[in-house]
There are 4 protein chains.
Amino acid sequence: MTQPSVMGRPRDSSRDLAILDATLSLLTEVGYEQLSMEAVAGRSGAAKTTIYRRYRDKAALVAAAVERRAPAKPPQPAGESLREDVHSLAAWLARSISEQDVGLLGALFAGMRNDARLAQAMRRILRRDETAMTDGLVRQAAERLAPGAATLFAEVASAVIVHRIVVVGEPCDAAFVAHLVDDILLPLLRRT
Amino acid sequence: MTQPSVMGRPRDSSRDLAILDATLSLLTEVGYEQLSMEAVAGRSGAAKTTIYRRYRDKAALVAAAVERRAPAKPPQPAGESLREDVHSLAAWLARSISEQDVGLLGALFAGMRNDARLAQAMRRILRRDETAMTDGLVRQAAERLAPGAATLFAEVASAVIVHRIVVVGEPCDAAFVAHLVDDILLPLLRRT
Amino acid sequence: MTQPSVMGRPRDSSRDLAILDATLSLLTEVGYEQLSMEAVAGRSGAAKTTIYRRYRDKAALVAAAVERRAPAKPPQPAGESLREDVHSLAAWLARSISEQDVGLLGALFAGMRNDARLAQAMRRILRRDETAMTDGLVRQAAERLAPGAATLFAEVASAVIVHRIVVVGEPCDAAFVAHLVDDILLPLLRRT
Amino acid sequence: MTQPSVMGRPRDSSRDLAILDATLSLLTEVGYEQLSMEAVAGRSGAAKTTIYRRYRDKAALVAAAVERRAPAKPPQPAGESLREDVHSLAAWLARSISEQDVGLLGALFAGMRNDARLAQAMRRILRRDETAMTDGLVRQAAERLAPGAATLFAEVASAVIVHRIVVVGEPCDAAFVAHLVDDILLPLLRRT
DNA sequence: AAATAACCGAGACGGTACGTCAAGTCTTGAG
DNA sequence: CTCAAGACTTGACGTACCGTCTCGGTTATTT
């Protein structure tokens, strides 16, 4: 008398890894729209059935693949100066968003209409970094910041970075990060 | 003895309108990914051939449809106070971006990899509003603004608005616009 | 450890029947040129992909459909008289060729250039009847026939019948069969 | 007071030639089915309109193209011997039918269902040679022939030749013509 | 000398069908 | 119950021709 869920052959967890790895690499290579389940099956060596047993459809698969990425802890602020702390955070955030590629953001947009759950999931992922990030900043330099500064940082920094990548279409290089920190973030955070 | 380029039956411009109208309405209704050429043909009453004669593929069609939208002139600043000018501009921008629906933004994201021309076109469109907008602001209140304030406004305002709609997933209501103006834009613009 | 060739879901043989039946009936109704794969798919209830998985193109499909027809055994000669035997064979052949409709013969002609395999298949079919037929005739009345009479019968009889149907464009009625037997076949076969 | 048909610019007869020439050459090259009106227009340098003004559709065009061929008078029988006369006629007929290519016969088959007039026209063409041919034979050797021999010759000879080309799929070489004459035609014609 | 009328090239137009691709479901045989 | 393999329905893709329809412009005849 066992639970029905442990009957039969257990799922092969190596299949999970193979599937998500294949999904992530294909996502980076060809983007969301051009990503085909058949290609994922081919590259991962899994049958389409095996994929669909785990994920309801393409959107769910992509959401899971993105979610699985290493959480990429934000750097702890060294505390030497506010500018340095903000700069290292902004640089980390820019790198982190850039890496997860446009195709991934496309998934968010494309999937929002059809699958509110996917949209929710991807929003959670995109914002997870922000909340994790602001904690450290606040603990380190609470007295030097305006009230609500942490929230503002999360809101403005990622907004401007995403805008830079997607709308402007240029990379977040060192000059841009400096501009972001000196012209936008610090002026906002310092004020009372 | 005429140029060969003016020979043959000229294109029926009413077809252009019908096709682009159908494209825009379908784009709003079902989004970029679910938009099918067959549906555009059906709704516009044009044959698929007629569409493909004009646009190489779906990306090109969507780019053209979006480009055709009325430029939507920004409001001229009344000049009563800096806050009111900035607020009216921000409200107009929020409304303007919200209206052109997520499916349209999705087109930008999803199409960027496959069609650099689409990406370019949509970037141009998203930014056209910005540049048109800042001129009035600068002329009206140049002495009250920090140098480079107009550029900063365009960059930060639309970034935060897009972020709000897409990533946060909540509407740009009056409270949000007020927050945007008072907590972000004015502090940035006012500094010397 | 099984052969890779027996893996996967086997083809549904009921689909084969449905497809070939639909093809044959449409072939009879509208002819080869007007026969569309879409119509075959519709009538057979099979998806177009299912048809294309089995047959490379229209020519191959038609070849298979024609090949599948029941072999239609020729009547055994009763042996009462040479004339009666030849007459019953000729009548059977005329009926057999007439039934398989002009569209089918058109497939042979029209498809020959594009698909040598189709041509081969249809030739085999048109001639299969002939060879099967002559055996009985020879066994029954070998001593009364000229040498090589069986081959001659097959060659001339079907040639004249096909010519009658296609070039002359008139039916192979009783009078024509009598003419064929009395004026052409018997004079040729009887000679020593 | 003139007929309305002579008003306006008269048709350019050089267009007729160009169109029919292009049709015939394409017919030989690619066959009836693969023959496209667009290709005829391209090769002939005529506009599609110009073709459709003259011929209702593809079938009518092909019929006209075939009809235009030089009638190719059959050789007058030299009268030296019946065998030689029959042989020269059969050889000429075989050559004549072979030349007008399979695609042309395909046109007959394919067009019959859709256009009875085309079928009629092509039958007339295929049989024109026969009737023209038998006259000479009869005048030359009437007393040596069975009654109705000329008709029989026309019927059987072209039937066996067409059958050879289309169904058997082998060329009408010298050996075949000899076989046709000695084993089939002469035995039939000589008998009373 | 105009006006008229049919012609011609070019090519856009609404269609129909093509053959291909991918999505998501279903069916086998083996583990 | 899982897995790999692969057949299945569905639906859209982008292409090729079909036969029709403007266009601008060219001959001829008719007024």
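Please read these numbers as outputs of a predicted model, since none were measured by experiment. Order of the sequence lines fixes the chain letters, A, B, ..., with proteins taken first and strands second; residue numbering starts at 1 for each chain.
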Seminar exercise, completed: Protein heavy-atom contacts under 4.0 Å, written 5' to 3' over nucleotides 19-24 of chain E as B (base), S (sugar-phosphate only) or - (none), form the string BBBBSB
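A donor-acceptor contact under 3.5 Å links the side chain of D/Arg9 to the base of F/dT26.
Following rounding to the nearest Å, D/Arg15 (CZ) and E/dA6 (C1') show an atom-to-atom distance of 16 Å. To the nearest angstrom, P of E/dC7 lies 15 Å from CD1 of D/Ile51. Spacing between atom CD of D/Gln34 and atom C1' of F/dC18 amounts to 15 Å, rounded to whole angstrom units. Note: CG (D/Leu61) to C1' (F/dG19) measures 13 Å, nearest angstrom. The interatomic distance linking C/Met7 (CE) with F/dA5 (P) rounds to 6 Å, in whole Å.
Each of C/Asp12 and A/Ala46 lies near DNA chain F, and the nucleotide nearest A/Ala46 is the one positioned closer to the 5' end.
The phosphate of F/dC23 has neither OP1 nor OP2 within less than 4.0 Å of any side-chain N or O from B/Arg11. Contact annotation: B/Arg53 reaches the phosphate of E/dC13 (side-chain N/O to OP1 or OP2, under 4.0 Å). Residue D/Arg54 places at least one side-chain N or O under 4.0 Å from the OP1 or OP2 atom of E/dC8.
Applying the side-chain hydrogen bond (donor to acceptor under 3.5 Å, both in side chains) rule to A/Ser13 yields no partners; only residues at least two apart in sequence or on another chain are considered. The salt bridge (charged side-chain N to carboxylate O under 4.0 Å, His left out) search around D/Lys48 returns D/Glu38, not counting sequence neighbours. In this view, B/Thr49 satisfies the side-chain hydrogen bond (donor to acceptor under 3.5 Å, both in side chains) rule with no residue, not counting sequence neighbours. With sequence neighbours excluded, the residues forming a side chain to side chain contact (heavy atoms under 4.5 Å, CB included) with C/Asp21 are C/Arg68, listed by chain and number. Take C/Arg11 and apply the side-chain hydrogen bond (donor to acceptor under 3.5 Å, both in side chains) test, not counting sequence neighbours, and it matches no residue.
Rounded to the nearest 0.5 angstrom, C/Leu20 CG and C/Tyr55 OH are separated by 4.0 Å.
A cation-pi arrangement is absent between D/Lys58 and D/Tyr52, since the terminal nitrogen or guanidinium carbon is not both under 6.0 Å from the aromatic centre and inside a 45° cone about the axis.
Using a 4.0 Å heavy-atom cutoff across all strands shown, A/Gly42 reaches no nucleic acid atom at all.
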